[in-house]
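For the single chain, residues carry numbers from 1 onward in sequence order.
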Amino acid sequence: MAHAALEAAKAKAKERGAPPNLRRGRITGGGGQNPRRRRWSGSGADARDPQPLGRLVSRLISDSGWQDTMTNARVFGQWARLVGEDVAEHAEPVALKDGELTVRASSTAWATQLRLLQGKLLAKIAAGVGHGVVKRMRIQGPTAPSWRKGPRHVPGRGPRDTYG
């Protein structure tokens, strides 16, 4: 009698065009679980698996809209690698705004040298960081000491008044 019921069920499944072990709405052997219920990821990759830190940081940067800020920060962080060690010893980036990089040189001779090398430096920075990040360079010499001291400074010739 059980054998006849099994044969009838197989014949009915064949008429439907479904495999004989498939019941309506669920797969046999599922233990009575809801098919929409989450299961363990198993050996394959899954979105719930731990992610590398670099991928998470990249996603955070893109979701927050910080791409331009991070690109600008790379110019400052990788300055010595971008322009070379000898130039980096005597020049430091000060500001990057609207594609204009302000660089302060350690001496007036180095400021002149950097002005002559400006085209090559822009090409090196573009190759290392990306095109269009730094469009122009403004090179400054060293800042002179300020002789203005005190809240009540008197305008005039400055410290040369007392020299003679």
(message) Applying side chain to side chain contact (heavy atoms under 4.5 Å, CB included) to Val134 and Val129, what does each step give before you reach the verdict?
(response) CA-CA 9 Å; Val134 178; Val129 178; over 6 Å; no
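For the pair His90/Leu114, no side-chain contact is recorded, criterion being any heavy-atom separation below 4.5 Å from C-beta on. Between Leu60 and Trp66, some side-chain heavy-atom pair lies under the 4.5 Å cut-off. Side chains of Met70 and Arg74 form no contact here, defined as non-hydrogen atoms less than 4.5 Å apart.
When each of Leu101, Thr102, Val103 is paired with Leu96, the side-chain contact (heavy atoms from CB on, under 4.5 Å) condition holds for Leu101 and for no other.
Val87 and Phe76 fall within the same hydrophobic cluster, where Ile, Leu, Val, Met, Phe, Trp and Tyr residues are linked whenever their side-chain heavy atoms come under 4.5 Å apart, directly or through other members. Hydrophobic clustering (side-chain heavy atoms under 4.5 Å, transitive across Ile, Leu, Val, Met, Phe, Trp, Tyr) keeps Leu116 apart from Leu122.
Around CG of Asp63, the count of heavy atoms belonging to other residues, nucleotides or ligands within 6.0 Å exceeds 12.
Expressed to the nearest 0.5 Å, how far CG of Leu117 lies from OG1 of Thr112 amounts to 11.0 Å. Note that NZ of Lys135 and CG of Asp98 are 8.0 Å apart. Values are rounded to the nearest 0.5 Å.
Shortest non-hydrogen contact noted between Gln67 and Ser62 is NE2-CA, 3.1 Å. Shown here for Ala80 and Ala88, the closest heavy-atom pair between the two residues is CA-CB, 3.7 Å. Trp79 approaches Glu92 most closely through the heavy-atom pair NE1-CA, 4.1 Å. The shortest heavy-atom contact between Arg104 and Gly141 is CG-O, 3.9 Å. Smallest separation of non-hydrogen atoms from Gln118 and Met137: NE2-O, 2.9 Å.
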